[in-house]
Protein chains: 2
Amino acid sequence: MHWDHLRAFLTFIREGSVRRAAKTLNTTHSTVARQLKALEADLGGPLFEPGPEGRVLTPLGRRIVPMAERMEDDAAAIRRAAFAEDTTLAGPVCLSVSEGLYLNVFASVIDDFLRHYPMISLDLVMSDALSSLSRREADVVIRITNKPPDSAIGRKLSPSPLCAYVAPRYLANRPKLDRWVALDYGPSLTPILPARVVATASSLQSAAQLIRSGHGIGVLPCFQGDTDPDLIRLPDHDPMPDMDIWILTHTDLKANARVRVLLDYIYDAVPKIAPIVSGLLAQSEPG
Amino acid sequence: MHWDHLRAFLTFIREGSVRRAAKTLNTTHSTVARQLKALEADLGGPLFEPGPEGRVLTPLGRRIVPMAERMEDDAAAIRRAAFAEDTTLAGPVCLSVSEGLYLNVFASVIDDFLRHYPMISLDLVMSDALSSLSRREADVVIRITNKPPDSAIGRKLSPSPLCAYVAPRYLANRPKLDRWVALDYGPSLTPILPARVVATASSLQSAAQLIRSGHGIGVLPCFQGDTDPDLIRLPDHDPMPDMDIWILTHTDLKANARVRVLLDYIYDAVPKIAPIVSGLLAQSEPG
DNA sequence: TTGCACTGGAACAAATTTCGACCATTATCC
DNA sequence: GGATAATGGTCGAAATTTGTTCCAGTGCAA
């Protein structure tokens, strides 16, 4: 039995199809298919059965999933241990930020960081889906949460309040504040919706776009709404507290030199970014 | 990082040399050496350092050993789960018995078993070193112990008392019973040694040979001494209780059909083998 | 010293694995 | 119905991994 075939197995059951699994494994579907077949042959029994909606796991397949996942966890722990040993300031470090936070808040800080440490090659993952620290999909993440997981350590950078935003053209066309844009978004900041929902967006950017176009009023993090020149805060509304912005790394990785300087550099930039995030920034006037 | 390279790593640190590791992995030394080099490259740091007595692990190497071992455990658990699914009476099953027990006690029972289940191919591992059930080095083991490990289940076949044996020629040449052959043997049945030790043997067979040659008196399990036509029990000595003979399998494997019939068949043969093992056999006269 | 047994490294040939392009099939949508 | 985009399977060529063979160095014993 080849241990690497178990990785193909795990990826396959997560992705649901041989081709998608091949994509995330950076190979081809024929390779994944062959590896799965080889795994079944080595184990002496089928792991899948053809079902009505794609393949379905056999009892044996279902039984080995948790063990394969433990192997994956240990493999990730090994990679973390190796990465933590690296005490040089040259080499890669992977940072995961959501697109909105990067564009509106951290872009210039990260620019400065790269200039300050030219030997570090920053691997910037812009993803709303929260990259997993324990699977080593990222070394450092900047995340909006109110309780970081136990396996992570880091610092709270700033509170990130929410506020209701609207486009000036909406107010010009329609005096009643009864059309809203909802946000159905990974980090679960789906605010209360007091009135008719005319649209639902699945990302900050698309919600902002819908509000900009005058379709309705929407609740956004202040760092998103305040930095948008085409949006204004809803008159007579104040920011409301929500979650906090944290910078986090895995406990195992805190010894790594590049992780350390990245954490410190961004924490030291808090005075620069806190006003943008916490809603204290003088809001730019609509254009 | 290739997970399979971690297996090469584990085997290497156990065997101590690239060539020995290659042997147990059924490959060549160049392959193992390349895999270790690739693993170090993937992890970005050395795992070994050249030391005075062979290679020595770096701190990083030492740190990842337990995680790699957990991966190995899970890989073995996966193989056990797959093997347990097999409900057919055709195919392989691996039995581990010590050489002495096989030759003197179980050979004929196992012969009968093979005749009775011709579709089962028995993989008989004769090894004094106790094959590990949890690493799936054997599916069933017959072992002298007094407390089987928690992860194993099975049945006690018979007590296996010890007795002092001597060659008739020793008694003819030397009336004093002051020369002894010691047994330094894996399952720790090193008996008390009341007098001068003229030789120490590391296996039952070699201890029996030393006693046969008249070098001294030795304590052996009854199944070994009583079945040896060139040995007699020390006059006026009775067998003394020691450990028991168990037939064991891993908890995960008890569902496998071949494991089940092998366990049952050998348990049903207890009336046949118990007299030999328990010292109740009329001892064969010296030749 | 010499011979022997062992260590690990390097280079090339052989075996295996992977890739990439094709195929048939199925589900969905217009 | 037909078009489209999925799915997974097959097969020869390309790439990678492995096996083989040789090499130099080391420790040990005769």
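Residue T31(A) places none of its side-chain N or O atoms closer than 4.0 Å to OP1 or OP2 of dT18(C). Between Q35(A) and dT18(C) there is a side-chain polar atom (N or O) within less than 4.0 angstrom of OP1 or OP2. At least one side-chain nitrogen or oxygen of R20(A) sits closer than 4.0 Å to the OP1 or OP2 atom of dT7(D).
The nearest whole Å value for the distance from the NE2 atom in H2(B) to the P atom in dT16(D) is 11 Å. When rounded to the nearest whole Å, the span between CG of L36(B) and P of dG8(C) equals 10 Å. For the pair R7(A) CZ and dT17(C) C1', the computed distance is 15 Å after rounding to whole Å. Atom NZ of K37(A) is separated from atom P of dT18(C) by 13 Å (rounded to the nearest Å). Computed from coordinates, the K23(B) NZ to dT20(D) P distance equals 14 Å when rounded to whole Å. Between L25(A) atom CG and dT18(C) atom P there is a gap of 11 Å when expressed in whole angstrom units. The NE2 atom of H29(A) sits 17 Å away from the P atom of dT25(C) (whole-angstrom rounding). In this structure, CG of N26(A) is placed 16 Å from C1' of dA15(D), rounded to the nearest angstrom.
At the heavy-atom level, S30(B) lies under 4.0 Å from base atoms of the strands shown. Across all strands, S17(B) comes closer than 4.0 Å only to sugar-phosphate atoms, never to a base (heavy-atom distances).
Shown here are the side chain to side chain contact (heavy atoms under 4.5 Å, CB included) partners of Q35(A), two or more places apart in sequence or in another chain: H5(A), A8(A), T31(A). Scored by the salt bridge (charged side-chain N to carboxylate O under 4.0 Å, His left out) test, R79(B) finds no partners at all (sequence neighbours excluded).
Here L39(A) contributes atom CG and I64(A) contributes atom CD1; the two are 5.5 Å apart, rounded to the nearest 0.5 Å.
Listed candidates were dC22(C), dC22(D), dT18(C). Nearest to the side chain of R19(A) is dC22(C).
Annotation: cation-pi pair R179(A)/Y170(A) absent, no NZ/CZ under 6.0 Å from the ring centroid and within 45° of its normal.
Taking the ring centroids of F48(A) and F9(A), they lie under the 6.0 Å cut-off.
Residue whose closest nucleotide on DNA chain C sits further toward the 5' end, between F12(B) and R34(B): F12(B).
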